[in-house]
A.B. asks: 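Below is the structure I would like to discuss, written out as structure tokens.
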Amino acid sequence: MGKDKDFQEVRAVDIELASGYQEACVLYEDIDKFIRLIDRGEEEFLIIDSADSYLQFYGVDGWFVGETRINLPDGDFRTYELVNQEKNI
């Protein structure tokens, strides 16, 4: 039995910016405007949080860094860090 063609999964997350701005249930497809605030240097970091994971974006030493933590069903987790050394902020 396949997925219904009319069914579309919607992913919403909570966000928090360094300035203290917080917003709940932001559609995942709409977070790019918040990431661009980091890229333009208007915010120091962005945390994107959900029940099963989080992402954090920030700039350090001229690099654009993304960290993610994925919570596994067995209670364990994995954390990853991505550094874009070619992208100066």
Side-chain angles (χ1 to χ4, degrees):
M1 200 173 196
K3 276 190 170 180
D4 185 332
K5 287 192 286 185
D6 295 330
F7 176 78
Q8 182 178 6
E9 186 174 340
V10 176
R11 175 105 173 158
V13 295
D14 299 339
I15 62 144
E16 179 181 349
L17 295 169
S19 62
Y21 178 83
Q22 296 181 0
E23 188 173 336
C25 296
V26 175
L27 293 179
Y28 202 69
E29 63 193 29
D30 294 335
I31 63 170
D32 64 325
K33 65 183 174 188
F34 299 106
I35 294 172
R36 291 182 194 279
L37 293 173
I38 308 303
D39 189 39
R40 292 191 304 253
E42 296 174 31
E43 288 283 350
E44 291 182 29
F45 66 81
L46 164 66
I47 296 174
I48 302 167
D49 194 16
S50 71
D52 58 354
S53 63
Y54 79 79
L55 291 169
Q56 176 174 300
F57 293 97
Y58 57 91
V60 63
D61 295 330
W63 295 351
F64 190 66
V65 179
E67 294 180 337
T68 185
R69 174 178 164 151
I70 300 168
N71 298 323
L72 302 173
D74 65 0
D76 200 1
F77 65 88
R78 298 290 184 266
T79 303
Y80 303 93
E81 182 175 84
L82 307 165
V83 178
N84 187 345
Q85 297 177 358
E86 298 173 6
K87 173 69 176 168
N88 290 330
I89 55 172

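For clarity, every value in this text was computed on a predicted model and none was experimentally measured.
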A.B. asks: Output the distance between atom CZ (Arg69) and atom OH (Tyr80), rounded to the nearest 0.5 Å.
C.D. replies: 12.0 Å
A.B. asks: Spell out, yes or no, whether Phe45 and Val65 are grouped together once hydrophobic residues are joined by side-chain heavy atoms under 4.5 Å, including indirect joins.
C.D. replies: yes
A.B. asks: Rounded to the nearest 0.5 Å, how far does CD of Glu23 lie from CG of Asp30?
C.D. replies: 9.0 Å
A.B. asks: State the SG-CG distance between Cys25 and Asp14, to the nearest 0.5 angstrom.
C.D. replies: 6.0 Å
A.B. asks: Any chance the side chains of Tyr58 and Glu67 put a donor and an acceptor closer than 3.5 Å?
C.D. replies: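 A donor-acceptor contact under 3.5 Å links the two side chains.
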A.B. asks: Is a side-chain donor or acceptor of Ser53 paired with a backbone partner of Asn71 at a separation under 3.5 angstrom?
C.D. replies: no
A.B. asks: Just jot down the side chain to side chain contact (heavy atoms under 4.5 Å, CB included) partners of Glu42, sequence neighbours excluded, or say none.
C.D. replies: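 Partners of Glu42 under the side chain to side chain contact (heavy atoms under 4.5 Å, CB included) test: Leu37, Arg40.
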A.B. asks: Measuring only between side-chain heavy atoms, which start at C-beta, is Ile31 closer than 4.5 Å to Ile48?
C.D. replies: yes
A.B. asks: Phe57 and Tyr54: same hydrophobic cluster, using ILVMFWY side-chain contacts below 4.5 Å?
C.D. replies: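 No; tracing contacts between hydrophobic side chains, which count when under 4.5 Å, never links both residues.
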A.B. asks: Got Val26 and Phe34 here, is their nearest side-chain heavy-atom distance under 4.5 Å?
C.D. replies: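 Yes, close enough: below the 4.5 Å cut-off.
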A.B. asks: In Å, rounded to the nearest 0.5 Å, how long is the span from CD1 of Ile15 to CG of Leu46?
C.D. replies: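 Ile15 atom CD1 to Leu46 atom CG measures 6.0 Å (nearest 0.5 Å).
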A.B. asks: Rounded to the nearest 0.5 Å, what separation is found between the OG1 atom of Thr68 and the CD atom of Gln56?
C.D. replies: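 Thr68 OG1 to Gln56 CD: 10.5 Å, rounded to 0.5 Å.
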A.B. asks: Between Glu43 and Ser19 (side chain of the first, backbone of the second, donor and acceptor by atom type, cut-off under 3.5 Å), is there such a pair?
C.D. replies: yes
A.B. asks: If you look only at pairs with a residue in residues 71-81, which of them pass as a salt bridge (Lys or Arg N to Asp or Glu O under 4.0 Å), with sequence neighbours excluded?
C.D. replies: Asp76-Arg78
A.B. asks: Distance from Ile38 atom CD1 to Glu44 atom CD, nearest 0.5 Å?
C.D. replies: 8.5 Å
